[in-house]
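From a predicted model like this one, the values you see are computed outputs, not experimental measurements. Counting begins at 1 with the first residue of the sequence.
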Amino acid sequence: MNAYVFGYGPAGKERLIVIDLGVTFPDMDGTPGVDLIMADLAWLEQNADRIEAIFITHAHEDHIGALSHLWPKLRKKVYARKFTARIGALKLEEAGLPGDIITVVEPRPKVVEAGPFKVQFVPLSHSIPESSALVIDTPAGRIVHSGDFKLDGNPVVGEPFDPVLWHEIAREGDGVKILTCDSTNVFSPHPGRSEATLAEPLSKFIAEQKGMVVATTFASNVARLKTLAEAGRAAGRSVCLLGRAMKKMVTAAEETGVLLGMPGTIPVEAAVEVPRENLLLIVTGSQGERRAATAQLSRGRYLGLEMKAGDTFLFSSRVIPGNERGVIRIINNLSEMGVDVVDDHDGLYHVSGHANRPDLEAVHDLLRPKMLIPMHGEHRHLREHAKIGIAKGIPSAVAVNGTMLDLTGDVPQVAEYVEAGRTYLDGSVLIGALDGVVRDRMRMALNGLVLITVIIDEEDEPLGDAWVELMGLPETGRSNASLAARIEDELAEFLDRVTGKIIASDDRMDEALRRIARQVTMEEVGKKPEVVIVLSRLMAE
């Protein structure tokens, strides 16, 4: 859920630019029912009059996914390159917002002036087309914001890393004052491999298979989709893309001219008629997403297609930490069908889109920044990257969420901490992580729910018995009696002896009924449930 801010000017009155508005994804353990998670922009909203512009480095969800949800809070001009702008416009239009709020920018030497900032988009290779670093010139010096990148001279689709261009950037003016740099693969000790190295092993692998072949990768990795499709066609197979996100990415890449020569594919209606040994499916769901094509196929039929014994399923991707459980479930489901599953444990069929440690050090040496601010990755990645910089004599700092750094001196200094929470997209509504909605949902999920209804007549006397409904709790407990009936019996005894002072008070009644329900449930099933009291009072006419 990337959202970076650079500011220049007098303290408290700096003019600001925002870089990226991304999302992260929920899990059932910590955020049940939540659709997306993004940064809480409260501080930016309070200072919206100081924002000059928003810049999007590339079209991965963790950089652009929150644009349609958060742009209405800021309403500032958005700049991006052509392919990224197309993906952003689709998101905005789906949300009922105008897609033309994004201005398409050509790469360096084109300069966008935004207040005191002069910004250039500089092409970099990554696992999505047109990923760009930003060169940001300010009166206090030059910033290079790397975005996500790798050192790939032949990325298949998109622009290669150009060391000559980066030497120019390092030499211009007073050089690079600040490098904010990707840290994702800082613990990978070997130089990164080119996307082009996958063509031969993927072609050989697909040609050797006897039954139907299904391959999954990240939908946004257009280069991998092309390589897989070419390998399938070379093996004499018809190729079918399955998954809305994948089709959207390919269409956008072709419409914007970044994807050329993509082999022809067939629709799913035609794929059903193709003999299994002549078919390659390229599908979404490499991270175990329950509604994606991969998971659907692992549970049975999907759009008339099904996997059978003797078929092969290839994960041409890595599992993002946190997604292992869903992926393992899919692998086991496929194995039970007799499908051979091949993952990327040996590195043959996937390369990362991020720079490994030797590549990061090469960039440090190339740009020779006066300061290094690690970004992208968990805290341990940032800390390790900072250690590398310090070992080379480059002052570095680990900036956790909400940290405001003063970068005008010779070393980074913490100037302030901004409240930097999380915002949840819950259905169609944005809620705060601390609003209590998800917390209550988790408590109900963990402990169950008891609903108690009591009616009080005009003379403050119970009208009939209380009745109880249960959700998420066993029907019977230790006594083998109905749990609902046990609670109702205890409530009946209470209502028989309750004093007029208590029954006249909604708060006291609520407290007493809640305590009884929790006590009985704890005795019977060992749970303290959430309790909802519906107390209805009849009024005299």
Side-chain angles (χ1 to χ4, degrees), residues 1-8 11-12 14 16-27 29-31 34-48 50-51 54-58 60-67 69-71 73-74 76 134 136 143 145-148 178-187 320-322 354 371-387 389 395-407 411-426 430-439:
M1 53 179 179
N2 293 288
Y4 289 85
V5 184
F6 288 97
Y8 177 82
E14 300 93 344
L16 310 172
I17 57 172
V18 179
I19 299 177
D20 292 334
L21 290 172
V23 298
T24 188
F25 297 95
D27 60 72
D29 292 334
T31 46
V34 171
D35 295 273
L36 291 172
I37 305 173
M38 58 205 81
D40 178 1
L41 296 192
W43 184 86
L44 274 176
E45 287 182 73
Q46 294 164 11
N47 295 282
R50 293 162 51 191
I51 300 172
I54 301 166
F55 295 86
I56 307 295
T57 59
H58 64 284
H60 273 149
E61 288 295 297
D62 59 330
H63 293 259
I64 199 174
L67 180 62
H69 305 292
L70 298 182
W71 182 84
K73 296 177 178 289
L74 306 179
K76 300 299 176 180
L134 299 179
I136 307 166
I143 303 162
H145 183 88
S146 77
D148 289 350
I178 300 139
L179 171 62
T180 52
C181 190
D182 186 1
S183 309
T184 307
N185 281 0
V186 70
F187 289 108
I320 296 172
H354 296 271
M371 275 183 266
L372 169 67
I373 309 300
M375 63 176 182
H376 303 340
E378 298 170 0
H379 191 277
R380 66 191 184 98
H381 297 87
L382 306 182
R383 187 162 171 259
E384 183 68 15
H385 199 172
K387 285 181 181 179
S396 303
V398 174
V400 297
N401 294 340
T403 307
M404 185 187 292
L405 294 176
D406 180 351
L407 303 175
V411 296
Q413 299 280 354
V414 175
E416 189 179 337
Y417 288 100
V418 171
E419 188 67 34
R422 294 182 168 204
T423 297
Y424 296 155
L425 177 66
D426 193 49
L430 293 179
I431 61 173
L434 301 179
D435 288 357
V437 175
V438 175
R439 179 196 62 211

Practice task
Would you check if D148 and H354 make a side-chain contact, meaning some heavy-atom pair closer than 4.5 Å?
Solution key: yes
Exercise for the section: Step through the shown structure and confirm whether more than 12 heavy atoms of other residues, nucleotides or ligands are within 6.0 Å of CZ on R50. Expected result: yes
Problem - Close side-chain approach of K76 to V18, heavy-atom, < 4.5 Å - result: no
Handout entry: Any V400 side-chain heavy atom under 4.5 Å of H379 side chain
Key = yes
Exercise for the section: Kindly check if the number of other-residue, nucleotide or ligand heavy atoms within 6.0 Å of CZ (F187) is above 12? Expected result: yes
Completion exercise
When rounded to the nearest 0.5 Å, the distance separating CD1 of I54 from CG of L16 is 11.5 Å
Practice task
Just jot down the side chain to side chain donor-acceptor pair (under 3.5 Å) partners of Q413, sequence neighbours excluded, or say none.
Solution key: none
Handout entry: Interatomic distance, H60 atom NE2 to D20 atom CG [nearest 0.5 angstrom]
Key = 12.0 Å
Fill in the blank from the handout: Hits for side-chain contact (heavy atoms from CB on, under 4.5 Å) against L382, two or more places apart or cross-chain, chain-then-number order -> S183, P374, V398
Exercise for the section: Kindly compute the distance separating CG (D435) from OH (Y424), expressed to the nearest 0.5 Å. Expected result: 10.0 Å
Exercise for the section: Of all the heavy-atom pairs spanning G389 and S396, show the shortest one and how long it is. Expected result: CA-OG, 3.8 Å
Handout entry: Heavy-atom side-chain contact between M38 and L430 under 4.5 Å
Key = yes
Problem - T403 side chain near Y417 side chain, heavy-atom distance below 4.5 Å - result: yes
Fill in the blank from the handout: Interatomic distance, OG1@T423 vs CG@L434, rounded to 0.5 Å, equals 10.0 Å
Handout entry: Heavy-atom side-chain contact between E384 and K387 under 4.5 Å
Key = yes
Practice task
Taking atom types as modelled, find out whether D182 and S146 have a side-chain donor-acceptor pair closer than 3.5 angstrom.
Solution key: no
Handout entry: Spatial distance of atom CD1 (I51) from atom CG (L74) [nearest 0.5 Å]
Key = 4.5 Å
Exercise for the section: Hey, can you tell me if H376 and Y4 have their rings parallel, tilted or perpendicular (30° and 60° cut-offs)? Expected result: perpendicular
Practice task
Decide whether T180 and H145 meet the rule of one side-chain donor and one side-chain acceptor closer than 3.5 Å.
Solution key: yes
Problem - Side chains of I19 and I136 in contact at under 4.5 Å (non-hydrogen atoms) - result: yes
Problem - CG on L21 to CG on L70, rounded to 0.5 Å - result: 5.5 Å
Handout entry: Atom of V438, atom of T31 and distance for their closest heavy-atom approach
Key = CG1-CA, 4.0 Å
